[in-house]
Amino acid sequence: MATREQPFSTSSNALSYLVLIGLLLMGFLPLISGSPGVDIISTPLPGNSGQRPREGRAPASNDTWTEAEIARGREECMHLLQSVAADVESLAPIKRAGCGLPAPVRLKSVGSSSKVVFEPPVEVSCRMMAALYRWNKHTLQPAARDRLGSSVVRIVGASGYSCRNVYNLPDRSLSQHAFANAIDIAAFELKDGRSVSVLNGWGLTARDIRAQVKAKSEPVRARSLAVAGQVDTTTKSALPASGQGLTRARLSHKTPPPEQKPEPSAARLTMPEGSVGAMEPTMTTHFLNSLHQGACREFETVLGPEANEAHRNHFHFDLTPLRSQAYCE
């Protein structure tokens, strides 16, 4: 018996082909989505430098601190202020061009019984505030009383935060001033009204003394060479015209008259006579040297007039991180 033809066989076959094609396309979609130029999610977002954002987290801005970073910075400040007597004003977070910190403060004074005021106030980190407090207590005030017979009431012309490179040179790294982690101090005002500046009170540096010694020795060396040349000329003129043998008497040098003293050699010259450096150091010099030496116990980097010309007129203190030992010059 003949079978009855199914009415939708053609349509069913067509539908099966369509389903099969659809399944094949679904299998290739993941490969297509991963191809270059198709993945829309990987398109860089503004301010994200082409980085793919992590899931569930908004891209971080380079010009702002996170709430967690600000909270940690302020928590550290509160912890330090529990053991430090200081008058500070909390400032808004600073972050720009790689500079700044999440919890800066404007430091107005440190100390209680021996309080010293910063005029004008300086923007620093709380770690710098704590280091300045210790330096004031253990070095500044004791040195002022011992050397000058008075306490220090003001630090004048200090500077803290500044978004700049080391020595303001474009090829150097960011200075610790850029992180409010450094301070420059130029002068001090005493309770009895006297003022002491680093520029005028330090005295001659080692390089000043070397320069004076060199300047003093140059004329001596020139005169010594001239005398040697004169002796050489005299010796040559004493040669006999006939070229015969020389006698010992005719080769003897002229001896200077008794009242004439021989010139000192450059090797024996240690200090120009009458120079300021030959004078005994003043109490002001001792005071400033004590401040420099004491700072080496509290800060990571200490620079003063002996370091270079750029620091002739001020002290530089900073808290360079990860330094094994203090650098003091």
Side-chain angles (χ1 to χ4, degrees), residues 84-87 107-122 124 128-160 176-177 182-212 271-272 274-319 325-329:
V84 170
D87 182 9
L107 181 61
K108 300 177 181 179
S109 68
V110 293
S112 53
S113 58
S114 299
K115 183 169 89 169
V116 59
V117 175
F118 290 86
E119 194 175 283
V122 289
V124 294
M128 176 58 67
M129 168 201 68
L132 287 167
Y133 168 80
R134 295 191 299 268
W135 178 69
N136 174 65
K137 180 179 180 181
H138 300 301
T139 297
L140 178 61
Q141 300 300 348
R145 289 191 293 267
D146 293 345
R147 301 296 188 180
L148 304 177
S150 182
S151 60
V152 175
V153 293
R154 285 182 182 81
I155 292 178
V156 185
S159 62
Q176 285 300 305
H177 283 282
I183 190 171
D184 290 341
I185 297 177
F188 307 88
E189 185 177 320
L190 304 178
K191 188 175 182 179
D192 60 14
R194 286 178 291 167
S195 295
V196 176
S197 71
V198 176
L199 177 62
N200 296 325
W202 185 268
L204 290 181
T205 63
R207 64 183 178 278
D208 294 333
I209 296 173
R210 287 193 298 269
Q212 287 195 8
M271 179 67 67
S275 69
V276 180
M279 298 168 57
E280 288 294 325
T282 65
M283 295 307 291
T284 299
T285 301
H286 284 303
F287 166 67
L288 291 173
N289 274 273
S290 297
L291 301 190
H292 184 278
Q293 294 172 10
C296 297
R297 296 190 293 267
E298 307 295 345
F299 303 95
E300 301 298 330
T301 303
V302 177
L303 300 175
E306 295 292 340
N308 49 43
E309 280 301 307
H311 293 88
R312 181 181 286 275
N313 63 351
H314 70 278
F315 291 139
H316 169 93
F317 305 153
D318 74 43
L319 296 173
Q325 60 182 2
Y327 179 84
C328 298
E329 190 174 0

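Remember, it's a predicted structure, so these values are computed and weren't measured experimentally. All values below come from the heavy atoms of this structure, side chains included, with hydrogens, waters and symmetry mates left out. Nothing fancy with the numbering, it's 1 onward along the sequence.
Side-chain contact between Q176 and E300 is absent, with no heavy atoms from C-beta onward closer than 4.5 Å. In this structure, the side chains of W135 and L291 come closer than 4.5 Å at one or more pairs of heavy atoms. Using a 4.5 Å cut-off on side-chain heavy atoms (C-beta onward), R154 and L190 make no contact. The closest side-chain heavy-atom distance from V110 to L107 is below 4.5 Å. Contact annotation: the side chain of F188 approaches that of L288 to within less than 4.5 Å [non-hydrogen atoms, C-beta and beyond]. For the pair I183 and L132, the minimum side-chain heavy-atom distance is below 4.5 Å. Side-chain contact between Q141 and N136 is present, with heavy atoms from C-beta onward closer than 4.5 Å. Looking at heavy atoms from C-beta onward, F299 lies out of side-chain contact with Y327 at the 4.5 angstrom threshold.
Rounded to the nearest 0.5 Å, atoms CG (D184) and CZ (F315) are 11.5 Å apart. Taken to the nearest 0.5 Å, the NZ atom of K191 stands 10.5 Å off from the CZ atom of R145. Taken to the nearest 0.5 Å, the CG atom of D87 stands 12.5 Å off from the OG atom of S112. The OG1 atom of T301 sits 8.5 Å away from atom CG of L319, with the distance rounded to the nearest 0.5 Å. Rounding to the nearest 0.5 Å places OG of S159 at 11.5 Å from CZ of F118. Put simply, CD1 on I185 and NE2 on H314 are 10.0 Å apart, with the number rounded to the nearest 0.5 Å.
At least one donor-acceptor pair closer than 3.5 Å links the side chain of E306 to the backbone N or O of A206. When atom types are taken as modelled, the side chain of R194 and the backbone of L148 share a donor-acceptor pair closer than 3.5 angstrom. No donor-acceptor pair under 3.5 Å is formed between the side chain of E189 and the backbone N or O of V152. No donor-acceptor pair closer than 3.5 Å links the side chain of T282 to the backbone N or O of G201. S290 places a side-chain N or O within donor-acceptor distance of the main-chain N or O of H286, the cut-off being under 3.5 Å.
Here the closest non-hydrogen pair linking G157 and P120 is N-CD, 4.4 Å. The shortest non-hydrogen separation linking Y133 to G111 is CD1-N, 3.8 Å.
Defined by atom type and a distance below 3.5 Å, a donor-acceptor pair is missing between the side-chain atoms of H311 and N313. Between the side chains of H292 and N289, no donor N or O sits under 3.5 Å from an acceptor N or O.
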Could you go step by step and tell me if R312 and T205 meet the side-chain contact (heavy atoms from CB on, under 4.5 Å) rule?
CA-CA 9 Å; R312 181 181 286 275; T205 63; 4.1 Å; yes
Carefully, step by step, assess R297 and R134 under the rule side-chain contact (heavy atoms from CB on, under 4.5 Å).
CA-CA 10 Å; R297 296 190 293 267; R134 295 191 299 268; over 6 Å; no
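Ion pair E309/R207 flagged as a salt bridge, since at least one NZ, NE, NH1 or NH2 atom sits closer than 4.0 Å to an Asp/Glu carboxylate oxygen.
Applying the side chain to side chain contact (heavy atoms under 4.5 Å, CB included) rule to A211 yields no partners; only residues at least two apart in sequence or on another chain are considered.
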